[in-house]
There are 2 protein chains.
Amino acid sequence: MNEQHLKWDDLQVVLAIARAGSLSGASRRLHISHATVFRRLNAIEARLGATLFERHRHGYTPTLAGEDLAATAERVQDEVNSAERRVIGQDLKLSGTLRITTTDTLFAGLLCPVIAEFRQQYPSITLEVVISNQVQSLSRREADIAIRPTRKPPETLVGRAVGDITLAVYGQKEHWQATPALFEPSLMLKENWIGPDVHLGDAALEKWMMDKNATYRLDSMLGMQLAARQGTGITVLPCYLGDADQMLLRLSQPIDALTTQLWLLTHPDLRHVARVRAFMAAITEGVSEKLAKASRATASKQNAQAE
Amino acid sequence: MNEQHLKWDDLQVVLAIARAGSLSGASRRLHISHATVFRRLNAIEARLGATLFERHRHGYTPTLAGEDLAATAERVQDEVNSAERRVIGQDLKLSGTLRITTTDTLFAGLLCPVIAEFRQQYPSITLEVVISNQVQSLSRREADIAIRPTRKPPETLVGRAVGDITLAVYGQKEHWQATPALFEPSLMLKENWIGPDVHLGDAALEKWMMDKNATYRLDSMLGMQLAARQGTGITVLPCYLGDADQMLLRLSQPIDALTTQLWLLTHPDLRHVARVRAFMAAITEGVSEKLAKASRATASKQNAQAE
DNA sequence: AAACGGCTTTGCATGAATGAACAGCATTTA
DNA sequence: TAAATGCTGTTCATTCATGCAAAGCCGTTT
């Protein structure tokens with residue numbers, strides 16, 4: 001036997017195939033061509049003199065040896081990711097790339113102009129924005145900063161709460177403008193409600209909507225906003241989104257049970273990275289003012305009704 | 001920041017530079033060109049945006065980040081080596097490569113014909129023989145099988161003792177053939193002794209030679225054999241070596257304090273590899289007979305004197 | 001039954017990586 | 001003191017690895 005048959009990068013290929021269960025799945029995980037995955041696996045097996053995967057038409061299943069290597073690869077991956085974070089965590093330059101993950105609602109309703117301003121302020125920092133309602137793993141280096149509404153952030157991450165996100169009932173202005181009062185939601189059960197489907201992933205909202213019997217469900221707040229604009233029914237939206245929409249009218253006070261906080265989160269290892277700090281400061285400044293403005297709009301409407 | 005800047009193979013380069021302290025040293029460790037080391041390190045640093053080594057004319061020293069990555073790389077190396085041994089340890093084929101390490105003395109005096117016979121018997125097995133008096137690490141995959149004289153083998157390895165290696169005093173036949181008796185070594189203190197230097201690495205032999213005042217020292221048994229052939233003095237040699245040399249004559253009984261055992265050692269993970277088993281069986285059979293023959297030659301000479 | 005989607009496998013052109021050779025500088029050796 | 005040695009750094013030609021495109025097979029959907 002020669003000294004070393006296993007190239008360290010080989011483990012990454014084995015892991016991707018084992019976890020994806022196919023060559024094409026692995027190629028998508030690794031962002032390389034499936035032809036390359038195919039050839040690299042065959043080269044690895046030839047070098048080791050061992051069969052790592054059983055071939056099927058629908059894909060590949062690992063042998064015992066293949067699974068052993070995949071488990072090893074996971075441990076190596078943790079080591080590599082930790083090391084990389086530690087090294088990059090010392091970066092004091094206001095340049096380089098930042099990868100941000102946030103929801104479509106937050107991006108469209110709150111963050112877009114703030115990020116544009118940050119771009120002007122720090123042109124040397126390259127931004128990659130992942131707009132997804134799926135959770136991106138910060139420890140797995142899928143993103144550097146997460147901007148999310150949450151009532152309880154993960155303990156493994158660090159960050160700050162920027163402000164409260166209040167939610168209230170909204171309806172089409174054209175339909176509801178002749179009714180100036182704010183309603184108690186429990187008195188609106190006979191209305192047609194537009195609600196969230198299970199993919200939106202807000203358990204508290206789903207629970208709150210249970211007695212509303214929504215027969216029109218969408219998987220995003222933006223979708224619910226668009227539906228309410230059509231006069232199809234009433235729905236619950238974040239105040240920053242609903243209040244800014246000229247075609248919608250606020251129909252209730254903010255609903256305490258649905259209030260969340262907006263959190264900026266990053267991995268502890270990255271908290272001293274200069275561009276991470278700069279970005280979080282800019283978002284905090286730009287967004288907390290907008291959330292405060294939404295809060296003031298709530299109070300103004302209440303005073304107007306008292307007169 | 002992009003998802004991943006650190007290629008897993010990068011760690012290997014960083015480790016080699018950190019431990020060798022220079023690009024050329026690292027290139028020798030990795031068996032690649034120093035130009036490649038130079039370029040790969042610069043590429044790694046550019047990707048990470050961090051300085052891993054300080055440059056000097058005499059070589060490179062790691063920064064804190066570089067040392068951190070090197071420590072990580074060592075852990076990864078252990079993982080990779082263990083995984084490879086486990087996978088290869090299931091290999092049941094009588095083909096592939098075997099890497100053997102043994103001493104120059106054992107190779108020249110005992111193993112050469114036995115290995116040649118093994119080559120004829122298993123032509124599909126490629127042998128790489130490292131002849132060195134330095135210890136080669138089996139856990140670091142520098143060799144698969146070690147053949148060594150030792151009185152106490154390392155506990156982390158597995159193997160078998162093939163037989164005893166006896167050592168006795170030898171002198172030039174031309175000079176000593178008129179003196180048929182065997183001497184007690186303590187009565188030969190006034191002779192000119194040829195001894196081992198410190199690099200031979202046999203502490204028991206060095207201790208035994210202390211009162212012999214050897215003023216001609218060599219760093220190998222083969223060297224001591226050649227010197228004794230010239231009639232320069234008397235020396236201590238393994239019986240399998242001295243008895244087979246027509247120009248030398250045995251002058252003493254085997255010296256109990258110097259007797260060692262010949263061990264075949266391998267890593268526990270490799271003990272079921274078919275070619276490892278085949279090689280160890282062949283060496284055991286071929287060598288134990290030769291060591292027994294040396295033992296019989298001792299008894300015959302003693303009987304001749306009793307008559 | 002045809003179309004579609006997902007899988008694996010193969011050939012060719014291109015880009016990336018590597019080794020060989022060279023150059024320069026400082027230190028060591030004869 | 002000159003030559004040898006060992007280091008880093010650069011250029012050019014070659015080799016290797018990769019992506020693109022194509023082909024084949026099979027199961028599912030229309």
Side-chain angles (χ1 to χ4, degrees), chain A residues 2-63 65-67 69-70 73 76 80 97, chain B residues 2-63 65-67 69-70 73 80:
Chain A
N2 254 350
E3 291 189 18
Q4 294 239 327
H5 287 111
L6 197 49
K7 295 161 69 174
W8 292 9
D9 272 351
D10 289 342
L11 286 173
Q12 207 167 10
V13 174
V14 173
L15 178 61
I17 298 170
R19 298 297 173 256
S22 68
L23 299 184
S24 42
S27 75
R28 289 188 293 270
R29 283 179 177 233
L30 298 173
H31 305 299
I32 60 176
S33 156
H34 68 272
T36 300
V37 175
F38 173 77
R39 281 178 294 220
R40 288 189 66 174
L41 175 62
N42 287 341
I44 295 165
E45 287 185 329
R47 261 189 269 121
L48 280 182
T51 301
L52 303 179
F53 291 91
E54 286 167 7
R55 273 84 165 156
H56 309 285
R57 279 235 49 89
H58 61 275
Y60 282 33
T61 56
T63 60
E67 187 52 50
L69 283 196
V76 170
V80 173
T97 313
Chain B
N2 253 349
E3 292 189 16
Q4 295 238 325
H5 287 110
L6 198 48
K7 293 161 66 171
W8 293 9
D9 271 351
D10 289 341
L11 286 172
Q12 206 168 10
V13 174
V14 171
L15 178 62
I17 298 171
R19 297 298 173 254
S22 69
L23 298 184
S24 41
S27 75
R28 289 188 293 272
R29 282 179 180 232
L30 298 173
H31 306 298
I32 60 176
S33 154
H34 75 270
T36 300
V37 176
F38 173 77
R39 281 178 299 224
R40 287 190 64 172
L41 175 62
N42 287 340
I44 295 165
E45 288 185 329
R47 260 188 270 120
L48 279 182
T51 301
L52 302 179
F53 291 91
E54 289 166 5
R55 272 84 163 156
H56 311 285
R57 279 234 52 87
H58 61 274
Y60 283 31
T61 55
T63 61
E67 187 52 49
L69 283 194
V80 173

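Each chain gets a letter, A, B and so on, in the order the sequences are listed, and its residues count up from 1.
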*Asks:* Respond yes when some side-chain nitrogen or oxygen of A:Arg40 is under 4.0 Å from OP1 or OP2 of D:dT18, and no when none is.
*Replies:*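 For D:dT18, OP1/OP2 do have a side-chain N/O of A:Arg40 under 4.0 Å.
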*Asks:* The side chain of A:Ala35 is closest to which nucleotide in this list: D:dT8, D:dA21, D:dC12?
*Replies:*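 Within the option list, the nearest is D:dA21.
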*Asks:* State which of C:dG19, D:dC7, C:dT8 makes the closest approach to the side chain of B:Arg39.
*Replies:*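 It is C:dG19.
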*Asks:* Ignoring backbone atoms, test whether B:Ser24 places a side-chain nitrogen or oxygen under 4.0 Å from the OP1 or OP2 oxygen of D:dC7.
*Replies:*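 For D:dC7, OP1/OP2 do have a side-chain N/O of B:Ser24 under 4.0 Å.
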*Asks:* Write down the distance between CD1 (B:Ile44) and C1' (C:dA17), rounded to a whole number of angstrom.
*Replies:*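 Between C1' of C:dA17 and CD1 of B:Ile44: 13 Å.
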*Asks:* Should A:Leu41 and A:Asp10 be marked as a side-chain contact (heavy atoms from CB on, under 4.5 Å) after you check the CA-CA gap, both sets of side-chain angles, and the distance that decides it?
*Replies:* CA-CA 8 Å; A:Leu41 175 62; A:Asp10 289 342; over 6 Å; no
*Asks:* Taking for each residue the nucleotide of DNA chain D bearing the nearest heavy atom, is the 5' side occupied by B:Asn42 or by B:Gly25?
*Replies:*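 Residue closer to the 5' terminus by nearest nucleotide: B:Gly25.
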*Asks:* With the threshold set at 4.0 Å, does a side-chain nitrogen-carboxylate oxygen contact exist between A:Glu45 and A:Arg39?
*Replies:*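 Salt bridge between A:Glu45 and A:Arg39, a charged N being under 4.0 Å from a carboxylate O: no.
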*Asks:* Do any side-chain nitrogens or oxygens of A:Tyr60 fall under 4.0 Å of OP1 or OP2 in C:dG6?
*Replies:*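 It does not, given that no N or O in the side chain of A:Tyr60 lies less than 4.0 Å from OP1 or OP2 of C:dG6.
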*Asks:* Would you check if the side chain of B:Arg55 reaches a backbone N or O of B:Phe53 as a donor-acceptor pair within less than 3.5 Å?
*Replies:*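 Yes.
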*Asks:* Within this structure, what is the CD1-to-C1' distance between A:Ile32 and C:dG15, rounded to whole angstrom?
*Replies:*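 Those two atoms, CD1 and C1', are 16 Å apart.
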*Asks:* Between A:Leu11 and A:Leu15, is the side-chain contact (heavy atoms from CB on, under 4.5 Å) condition met? List the steps.
*Replies:* CA-CA 6 Å; A:Leu11 286 173; A:Leu15 178 61; over 6 Å; no
*Asks:* Taking atom P of D:dT8 as reference, at what distance in whole Å does atom CD1 of B:Ile17 sit?
*Replies:*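 So the two atoms are 9 Å apart, to the nearest Å.
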*Asks:* Do the side-chain N or O atoms of A:Arg28 get closer than 4.0 angstrom to the phosphate oxygens (OP1, OP2) of C:dC7?
*Replies:*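 Answer yes for this pair, as a side-chain N or O of A:Arg28 is under 4.0 Å from OP1 or OP2.
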*Asks:* Rounded off to whole Å, could you give me the CG-to-P distance for the A:Asp10 and D:dA17 pair?
*Replies:*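 That distance rounds to 11 Å.
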*Asks:* Take the protein atom NE2 of A:His31 and the nucleotide atom C1' of D:dT18, then report the distance between them rounded to whole Å.
*Replies:*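 Going from A:His31 (NE2) to D:dT18 (C1'), I get 16 Å.
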*Asks:* Distance check needed: D:dG9 C1' versus B:Leu23 CG, whole Å only.
*Replies:*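 Checked: the CG to C1' distance equals 9 Å.
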*Asks:* Can you check whether A:Thr36 has a side-chain N or O nearer than 4.0 Å to OP1 or OP2 of D:dA17?
*Replies:*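 For D:dA17, neither OP1 nor OP2 has a side-chain N or O of A:Thr36 closer than 4.0 Å.
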*Asks:* Can you check the B:Leu30 CG to C:dA17 C1' distance for me, whole Å?
*Replies:*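 Rounding to the nearest Å, CG of B:Leu30 and C1' of C:dA17 are 15 Å apart.
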*Asks:* According to a strict under-4.0 Å criterion, is A:Ser33 in side-chain N/O contact with OP1 or OP2 of D:dT18?
*Replies:*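 Negative; the distance criterion is not met.
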*Asks:* Quick check: does any side chain N or O of A:Thr63 sit under 3.5 Å from a backbone N or O of A:Thr51, one acting as donor and the other as acceptor?
*Replies:*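 Indeed, once roles are kept as given, a pair shorter than 3.5 Å links the two residues.
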*Asks:* B:His34 has an atom NE2; how far is it from atom P of C:dG24, in whole Å?
*Replies:*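 The answer, rounded to whole Å, is 15 Å.
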